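One structure below.
Lettering of chains follows the sequences in order, A, B, ..., and the numbering in each one begins at 1. Just so you know, these numbers come straight off a predicted model, no measurement behind them.
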Amino acid sequence: MRATLLRHSLSEGLNNLVRHPLVTLASITTIALMLFMLAAFSIFSLNARQMMARAGEQPPIEITLDIGISEDQIASITAELESNTNVRDFQIYSPEENFETFKSNLGQDELFSDFSADYIPYTYAVRLIDPAGSQNFKDQLEGLNGVRKVALEIRVMEFLSKAIIWVNYATLAAFIALGVISFFIISNMVRVAVFARGDEINIMKYVGATNWYIRIPYILEGAFAGLIGGGVAWLAAYLTYMRLFDLFMTRTLPTDVLAMIPPIGIAQIILMLNLGLGIGVGAIGSAVSVRRYIKV
Amino acid sequence: MIEFRRVSKTYQTGTNALRDVSFTIENGEFVFIIGRSGAGKSTLIKLLTCEERPSSGQVLMDKFDVSKIKRRFVPFLRRNIGMVFQDFRLIHTKSVFQNVAFAMEIVGSSTKAIRRRVPIVLSIVGLRDKALDRPRMLSGGEQQRVAIARAMVNNPMLILADEPTGNLDPTNSEAIMALLEQINRSGTTVIICTHDRDLVDRMKKRVIEIDDGLLVRDDCQGSYAQSNPVCQPYIKPVVGPVDEHIRPEAVS
Ligand SMILES: Nc1ncnc2c1ncn2[C@@H]1O[C@H](COP(=O)(O)OP(=O)(O)O)[C@@H](O)[C@H]1O
Ligand SMILES: [Mg+2]
C-alpha cells in the first residue's frame with residue numbers, strides 16, 4: 001500500500017512538471033536565481049571568515065605599557081591577559097628586548113651606544129581567538145592602569161569583521177526577498193497545475209481520496225522544481241567561483257592571508273545548502289498553495 | 001439505512017434548496033428521486049456525500065449523523081459510496097482500465113487486488129474488450145458504464161447516481177438502468193436522481209419526488225401518479241397547482 005502511494009505520488013509529481021513546461025521553467029529559474037545569489041553571498045562570507053581567521057593567527061595586537069612601570073602592575077596586566085577568554089596567546093617583551101629589536105631593525109648599533117633601555121616600554125604581542133572582538137579588547141585593555149596604548153595593527157581585520165556583518169545582513173535580506181518571490185512563483189506553479197487538473201482532483205475526492213493523497217504529488221512537484229533549481233544554481237555558482245579563483249589566485253600564495261578558499265573546498269557545503277533550501281522552499285511553497293486550492 | 005430527519009438546506013445565496021425533508025431508505029432498496037430541474041435533487045445527494053452540510057436537520061447513514069462528520073473523515077465516508085454523474089466524469093488521459101483501477105489505488109488496494117478485481121468489474125459492465133481504450137473513443141453509454149464500473153469497484157454499500165441517463169439516448173438509458181438494477185440485486189442500495197419520467201415509470205421502483213425543495217411524494221412501486229398509501233409516511237400536502245408532469249395521463 002505504501003509502495004503504491006509512493007509510486008503514484010512520484011509519477012504524478014514528475015508528470016505535473018512536464019505538463020506545463022513554461023510554468024515549470026519560470027519556477028525553476030526563480031529558485032535558481034535566488035539560490036545563486038545565496039550561494040554568492042555564502043561564498044563571500046566563507047572567504048571573509050577564512051581571511052579573518054588567518055589574520056587572527058598573526059600577532060596583530062601590540063600593547064604598549066607606561067614607561068617605568070612597577071613589577072606589580074606588569075603582573076596584574078599579565079594576569080588580566082591570562083584570564084581573558086578571547087586571548088589565544090601572548091608574549092611579553094622587556095624594554096631590553098625591544099631595544100635590541102629596535103637597534104637591529106635600524107642596523108646601526110653604535111648610534112645607541114650610550115642610550116638606556118629605561119626610556120623604552122614593556123610591550124605585549126597578543127593573538128586573539130575571535131578577531132571580531134578586537135575593538136572590545138582594545139577598549140578593555142586601555143582602561144587598565146599602566147597601559148599606554150593598544151594598537152590594532154591590521155586594519156583588514158576590522159574591515160572584514162564589518163564586511164561579514166553586512167554580508168550576513170545582505171544575505172538575509174536577499175534570501176527573504178527572493179524566498180518570498182520563489183514562494184509566490186511556486187504557489188502559482190501549483191495553482192496552474194491544480195486548476196488544470198481540477199476535474200481529476202474532483203473525481204479523486206468523490207472516490208474518497210484523502211487530502212494527503214491528492215496533495216503529496218503537488219508537494220513533490222514543488223520539491224523537484226526546488227531540487228533542479230538548487231542544482232542549477234550550484235553549478236552556476238561553482239563555475240563562476242572557479243573562474244574568479246583562477247583570475248585572482250594566479251599571483252597569490254595559497255597560504256596568504258588574503259588567499260581564496262579553493263573551489264573544491266566550498267563545493268560541497270554550497271551544494272548541500274542549495275539543494276536543502278531549494279527542496280525546502282519548493283515543498284513548503286507548494287504545500288501552502290495546495291492547502292489553499294484543494295479542499296475536500 | 002439512510003434517514004433524512006427534517007432536513008433543510010439554504011445556500012448562501014438564500015435559495016432554499018430543501019425544506020424540512022424527511023424520509024427513510026432501507027439497505028438494499030432501489031429508489032428514484034425525481035423532480036424538475038432546480039427542485040433540489042442534487043442537493044439531496046450532496047448532503048449524503050458531505051459535499052454540502054444541511055442548514056438544519058440530520059442526515060443519518062446507519063444511525064450515524066453524516067452531517068456532523070469531521071472534514072478529514074469525509075474521504076472515508078465516500079469510500080462507502082459509489083458516485084455516477086450525468087457527465088460521466090472520467091479522466092481522459094487514462095485508459096478505461098486505469099480509470100477504474102484509480103478508484104482502487106486511492107483506497108490503497110494492492111496492485112495484485114487491482115489486477116484481479118478490475119477485469120471482473122469491466123466484464124460486469126460489458127467493457128472487458130475496451131479496457132485499454134481511452135474514454136473519448138467510447139460512446140456515451142459505454143463511458144457511463146465505465147463510470148458505473150468505477151463506482152462499484154470498491155464494493156460500496158450505496159450507489160448514488162445523479163441524472164445518470166441525462167446525456168444518453170433511450171436505448172443506452174435502458175441499459176444503464178438495467179445495470180444499476182443488477183448491482184442493486186447484489187444488495188447494494190441504489191439511489192438515482194432523474195427527471196426521465198418514462199424510465200421511472202417502466203422500472204416500477206420506489207419514487208421520492210421533490211418539488212421546490214419540498215418532498216411532495218414518496219411512492220412504492222412507483223409510477224409518478226399512483227401513490228401507494230402504505231409507503232408514504234412523510235408525504236406533505238401538495239400546495240399550489242399540481243405540476244404538469246405528475247398528471248396521470250403522463251403515465252405510460
Ligand atoms: N452551490 C449553490 N449555491 C447556491 N445555490 C445553489 C447551489 N447549488 C444549487 N443551488 C440552487 O438550489 C436549488 C436546487 O438545486 P439542485 O439541488 O442542483 O437541483 P436539481 O438537482 O434538482 O436540479 C436550485 O435553485 C439551485 O439554483
Ligand atoms: Mg441536479
Side-chain angles (χ1 to χ4, degrees), chain A residues 1-24 189-221 224 284 286-296, chain B residues 42 45-46 48-53 69-85 87-94 98-115 135 143 146-147 149-162:
Chain A
M1 174 186 164
R2 292 249 165 248
T4 341
L5 178 63
L6 191 69
R7 190 146 29 86
H8 157 85
S9 303
L10 280 174
S11 75
E12 288 297 303
L14 284 173
N15 270 336
N16 283 351
L17 279 182
V18 184
R19 215 166 273 158
H20 306 280
L22 283 179
V23 181
T24 304
M189 176 180 87
V190 168
R191 194 174 61 99
V192 169
V194 167
F195 277 116
R197 313 185 68 197
D199 292 345
E200 194 170 330
I201 290 171
N202 267 327
I203 292 167
M204 290 168 86
K205 287 196 267 183
Y206 283 126
V207 178
T210 56
N211 273 330
W212 283 114
Y213 186 88
I214 300 173
R215 285 171 184 166
I216 286 173
Y218 295 98
I219 295 172
L220 283 180
E221 178 190 0
F224 282 138
I284 294 169
S286 60
V288 168
S289 115
V290 116
R291 253 189 100 78
R292 214 168 58 216
Y293 299 117
I294 303 178
K295 290 220 164 72
V296 179
Chain B
S42 296
I45 292 226
K46 286 175 184 164
L48 281 167
T49 58
C50 272
E51 206 179 322
E52 299 286 349
R53 308 275 175 154
I69 192 169
K70 287 209 174 68
R71 247 200 143 88
R72 70 196 147 99
F73 294 126
V74 168
F76 302 98
L77 167 80
R78 291 190 183 157
R79 290 176 188 191
N80 296 306
I81 302 174
M83 303 272 283
V84 179
F85 300 95
D87 53 1
F88 321 134
R89 302 202 187 171
L90 301 174
I91 299 168
H92 292 283
T93 53
K94 292 187 195 286
Q98 287 168 333
N99 264 282
V100 179
F102 175 67
M104 287 183 79
E105 280 164 18
I106 282 174
V107 303
S109 302
S110 68
T111 314
K112 208 174 135 209
I114 291 171
R115 290 218 187 97
Q143 289 191 45
V146 178
R150 182 182 64 198
M152 66 184 284
V153 75
N154 287 328
N155 268 320
M157 51 175 260
L158 170 66
I159 287 194
L160 295 175
D162 193 351

Which portion of B:I114 sits near chain A, non-hydrogen atoms under 4.5 angstrom: neither
A:V207 versus B:V107, closest heavy-atom pair with distance: O-CG1, 4.4 Å
Value rounded to 0.5 Å, distance of CD1 in B:I106 from NZ in A:K205: 12.0 Å
Closest non-hydrogen atom pair between A:Y206 and B:R78, with its separation: O-CB, 3.7 Å
Rounded distance [0.5 Å steps], CZ in B:R71 versus CG in A:N211: 8.0 Å
Sub-4.5 Å side-chain heavy-atom contact between A:R7 and B:T111: yes
Between CE on residue B:M83 and CG on residue A:N202, distance to nearest 0.5 Å: 10.0 Å
Exam field: side chain B:R79 to backbone A:G208, donor-acceptor pair closer than 3.5 Å: yes
Portion of B:F85 that has a non-hydrogen atom of chain A nearer than 4.5 angstrom: side chain
CZ (B:R53) with more than 12 external heavy atoms under 6.0 Å: yes
